[in-house]
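All heavy atoms count here, side chains included; hydrogens, waters and symmetry mates do not. In this text, all values refer to a predicted model and were calculated from it rather than measured experimentally.
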Amino acid sequence: MLNLVLFGPPGAGKGTQSQKLIARYNLVHLSTGDLLRAQITRGTELGLKAKKLMDEGLLVPDEVVIGMIGSALKENEQAAGFIFDGFPRTVPQAESLDQLLAVHNTKVSCMVALEVQEQELVKRLLERGKTSGRPDDQDEAKITRRVTVYNTETAQVAGYYATQNKFHALNGIGAIDNIFGQICAILDQHQPATTSGSQQATKEVKA
């Protein structure tokens with residue numbers, strides 16, 4: 001099973017790269033934000049617990065997020081692998097993810113971080129804000145804050161995966177296909193011998 005932790009600050013282009021990677025490697029995309037919204041919409045026990053906390057202005061604890069990821073893993077047992085998008089963000093979360101994947105007889109293959117200078121990120125997000133409708137894409141101060149939080153969180157997690165020889169940093173500025181090719185070269189190095197890297201149909205998360 002090929003499991004990728006894909007990191008990148010807001011505006012780095014990881015959404016674009018995720019879709020290309022999903023199509024090539026037949027991976028399931030696990031975004032914690034998407035999972036959270038899906039569980040709330042379905043009214044599951046985890047979703048109701050998360051909604052209650054969010055309504056009170058509290059952060060959703062790690063055990064709830066891990067529970068949602070665990071449910072998604074069970075619902076997609078036949079997947080060739082997963083892209084973890086936006087998670088883990090802390091070392092304890094990374095440790096919990098390792099433990100969860102071990103239960104499913106798999107592990108994180110590698111972490112790829114797309115690096116883009118803050119000035120370029122601000123430019124990209126302000127441009128995206130013209131069409132996205134997201135307030136946090138239209139306020140430069142909020143954008144800077146989001147990038148700072150990302151950099152702080154990722155530094156810790158990057159070190160965790162570096163000790164396992166799984167961390168790879170790539171320049172996120174350049175032609176989309178060129179960056180995609182570099183990511184594929186990394187994934188092919190970590191790919192299990194039993195997994196085919198040929199192009200296959202996209203799998204959707206059974207959220």
Side-chain angles (χ1 to χ4, degrees), residues 1-8 10 12-47 50 60 62-90 93-114 153-154 157 160-161 164 166-168 170 172 176-177 179-207:
M1 187 174 282
L2 184 64
N3 299 310
L4 167 66
V5 174
L6 182 62
F7 258 42
K14 61 183 183 294
T16 298
Q17 295 298 337
S18 287
Q19 292 307 308
K20 294 173 72 65
L21 292 166
I22 288 168
R24 173 158 181 162
Y25 294 98
N26 200 25
L27 304 177
V28 171
H29 185 231
L30 292 184
S31 163
T32 51
D34 291 344
L35 289 174
L36 187 62
R37 286 185 288 271
Q39 293 282 343
I40 291 174
T41 299
R42 289 165 55 185
T44 66
E45 182 179 350
L46 285 171
V60 178
D62 289 355
E63 59 264 26
V64 174
V65 178
I66 285 289
M68 292 180 179
I69 292 175
S71 296
L73 292 176
K74 290 179 182 178
E75 293 171 356
N76 295 275
E77 290 181 342
Q78 303 306 312
F82 297 86
I83 295 179
F84 296 96
D85 182 352
F87 187 91
R89 288 188 178 276
T90 65
Q93 288 179 354
E95 294 171 341
S96 295
L97 180 59
D98 280 350
Q99 294 168 8
L100 177 62
L101 291 175
V103 172
H104 293 269
N105 298 312
T106 187
K107 59 186 178 181
V108 169
S109 303
C110 61
M111 173 185 180
V112 174
L114 299 177
E153 294 172 342
T154 308
V157 181
Y160 176 81
Y161 287 113
Q164 301 178 22
K166 294 180 179 180
F167 174 73
H168 302 269
L170 290 178
I176 291 174
D177 287 343
I179 296 171
F180 175 64
Q182 294 180 62
I183 298 175
C184 290
I186 292 170
L187 291 185
D188 289 344
Q189 293 175 12
H190 291 275
Q191 190 164 236
T194 55
T195 303
S196 171
S198 61
Q199 292 195 10
Q200 301 178 55
T202 300
K203 279 203 174 194
E204 297 295 334
V205 176
K206 299 176 182 177

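- With hydrogens and angles ignored, the 3.5 Å screen pairs a side-chain donor or acceptor of H190 with a backbone N or O of S109.
- Among all heavy-atom pairs drawn from L170 and I179, the shortest one is CD1-O, 4.5 Å.
- Residues passing the side chain to side chain donor-acceptor pair (under 3.5 Å) test with T41, sequence neighbours excluded: none.
- Considering only heavy atoms from C-beta on, F87 stays 4.5 Å or farther from S96 through its side chain.
- With S71 contributing its side chain and G67 its backbone, the two residues share a donor-acceptor pair below 3.5 Å.
- Of the residues listed (N76, L101, L27), the one engaging F82 in a side-chain contact (heavy atoms from CB on, under 4.5 Å) is N76, and it is the only one.
- Looking only at distances, no side-chain donor or acceptor of K14 sits under 3.5 Å from a matching main-chain atom of F7.
- Checked against side chain to side chain donor-acceptor pair (under 3.5 Å), D177 has the following partners two or more places apart in sequence or in another chain: K20.
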(request) Start with the C-alpha distance between M111 and Q164, add both sets of side-chain angles, then the distance that settles side-chain contact (heavy atoms from CB on, under 4.5 Å), and finish with yes or no. (result) CA-CA 10 Å; M111 173 185 180; Q164 301 178 22; over 6 Å; no

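- Summarising the geometry of L6 relative to S18, their closest heavy-atom pair is CD2-OG, 3.3 Å, with the distance given to 0.1 Å.
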(request) Starting from the C-alpha separation in whole Å, work towards a yes-or-no answer on side-chain contact (heavy atoms from CB on, under 4.5 Å) for C110 and N3. (result) CA-CA 7 Å; C110 61; N3 299 310; over 6 Å; no

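- With values rounded to the nearest 0.5 angstrom, E75 atom CD is found 9.5 Å from L73 atom CG.
- Put simply, the side chain of K166 gets close to the backbone of V108: a donor and an acceptor are under 3.5 Å apart.
- In terms of heavy atoms, L36 sits closest to A50 at CD1-CB, 3.4 Å.
- By the 4.5 Å heavy-atom criterion applied to side chains, T16 and F180 are not counted as neighbours.
- To the nearest 0.5 Å, the span separating CG on L4 from CG on L30 amounts to 11.0 Å.
- Taken to the nearest 0.5 Å, the CG atom of N105 stands 9.5 Å off from the CE atom of M1.
- Counting heavy atoms from C-beta on, the side chains of L97 and Q93 never come closer than 4.5 Å.
- Using a distance-only test at 3.5 Å, with no hydrogens or angles considered, a donor-acceptor pair links the side chain of Q17 to the main chain of I176.
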